[in-house]
Amino acid sequence: MTQEQKEIFFKEIDGLKDIINQYSPIPKSGTFNPDVLKTTILSMIDFIVKDKSEADALVQWTENTDFWTAPASTRFHGNFKCGLSLHTMKVIHQTLIFARPVFENYFESQENDTFDFTAEDLFVAAFSHDFCKTNFYGIEYRNTKDISGNWVKTPCYKTKSDNRNLGHGNESVLMLLESMPSFINRRPVLEAISRHMGFSDLSESESYNYSNFLQNPLVVLLQLADETAAQWFGC
């Protein structure tokens, strides 16, 4: 990346962070407003996605799925209504927070001219990394005791039994390409989405050359953002 490209890169990252600061979608109290989350993410899409037809298609995709209301898991982080959009927002934020130190360090490495990235690339990777979780969970009921010791039916999320899935990251890549087909030419971004779970989502043959993907700084950045969102902030 040229010096000019780097300056634009960090300036647009700061612009995305400014949008988050404007709306404060995830207060430190731990409570959140789903409408504020949605407004923040939509504002970021409008700001950073250059192809407006793809931006419109991306927004429409979220409306045609349960992205805004789905949980992020059945038992772990975000296992509640709107957990997926909350987790996604936090991963976007973590990606932007870590972007400068990660990329400034990368620019000092011997690999510094191997990859070119834009702020749009970072946002799209973080936003779409868990698209595979849309329309993935259903509500079932289990017997639990209430405060009085009476058995009651309690709703819980379960993975739908009729799901067909090509793998966590790969499924998200396919869903992204439905609305943003131009990213078929942004392989480093697709690598980051596909490999954001690290070794935990790979077959034996895929893990054979996994270390090669770590040459891609966006793979490292997205893994860091995803893990810290879940393990440090519980969302």
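Quick caveat: nothing in here was measured; it's all calculated off a predicted structure.
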Rounded to the nearest 0.5 Å, what separates atom [atom1] in [X] from atom [atom2] in [Y]?
X	Y	atom1	atom2	result
L190	L176	CG	CG	7.0 Å
N21	L16	CG	CG	11.0 Å
I26	N33	CD1	CG	12.0 Å
I193	L174	CD1	CG	10.5 Å
W68	K38	CH2	NZ	6.5 Å
C82	F32	SG	CZ	5.5 Å

Donor-acceptor pair, [X] side chain versus [Y] backbone, under 3.5 Å?
X	Y	answer
D51	E54	yes
S172	F131	yes
H196	Q223	no
Y23	T39	no
S194	G169	no
D66	N135	yes
H129	A126	yes
T2	Q5	yes
N112	S109	yes

Answer whether the closest heavy-atom distance between the side chains of [X] and [Y] falls below 4.5 Å.
X	Y	answer
Q231	D226	no
M89	L86	no
F123	L96	no
F115	P188	yes
L224	V220	no

Test of understanding: clusters of I, L, V, M, F, W, Y form through side-chain heavy atoms closer than 4.5 Å, transitively. Do [X] and [Y] belong to the same one?
X	Y	answer
F103	V91	no
I184	W61	yes
L221	V189	yes
F10	I8	no

Within a radius of less than 6.0 Å around [atom1] of [X], do more than 12 heavy atoms belonging to other residues, nucleotides or ligands occur?
X	atom1	answer
K50	NZ	yes
E63	CD	yes
R100	CZ	yes
K28	NZ	no

Shortest non-hydrogen contact from [X] toward [Y]:
X	Y	value
S85	L37	OG-CD1, 4.0 Å
Q94	W232	NE2-CE3, 4.5 Å
A125	L222	O-CD2, 3.9 Å
D121	L218	O-CD2, 4.2 Å
R186	D116	NH2-O, 3.0 Å
P25	V36	CA-CG1, 3.8 Å

Item to check | Check: F9 ring centre within less than 6.0 Å of F117 ring centre | outcome: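 No; F117 has its ring centre 6.0 Å or more from that of F9.
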Next on the checklist: Ring centres under 6.0 Å, that's the criterion: do F67 and F127 meet it?
Outcome noted: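 Yes; F127 has its ring centre under 6.0 Å from that of F67.
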Checklist entry - Could R187 and E191 be called an ion pair, given the rule that one side-chain N must be under 4.0 Å from one carboxylate O? => result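 So R187 pairs with E191 through a salt bridge.
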Next on the checklist: Whether D130 and K133 form a salt bridge (side-chain N of Lys/Arg under 4.0 Å from carboxylate O of Asp/Glu) is what I want to check.
Outcome noted: yes
Next on the checklist: For Y106 and T114: C-alpha separation, side-chain torsions, deciding distance, then whether side chain to side chain contact (heavy atoms under 4.5 Å, CB included) applies.
Outcome noted: CA-CA 10 Å; Y106 168 75; T114 305; 3.8 Å; yes
Item to check | side chain to side chain contact (heavy atoms under 4.5 Å, CB included) evaluation trace for E120 with F183 | outcome: CA-CA 11 Å; E120 179 185 19; F183 271 73; 4.2 Å; yes
Next on the checklist: Is it the case that the side chains of N64 and Q60 hold a donor-acceptor pair, with the cut-off being a distance below 3.5 Å and no angle test?
Outcome noted: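 A donor-acceptor contact under 3.5 Å links the two side chains.
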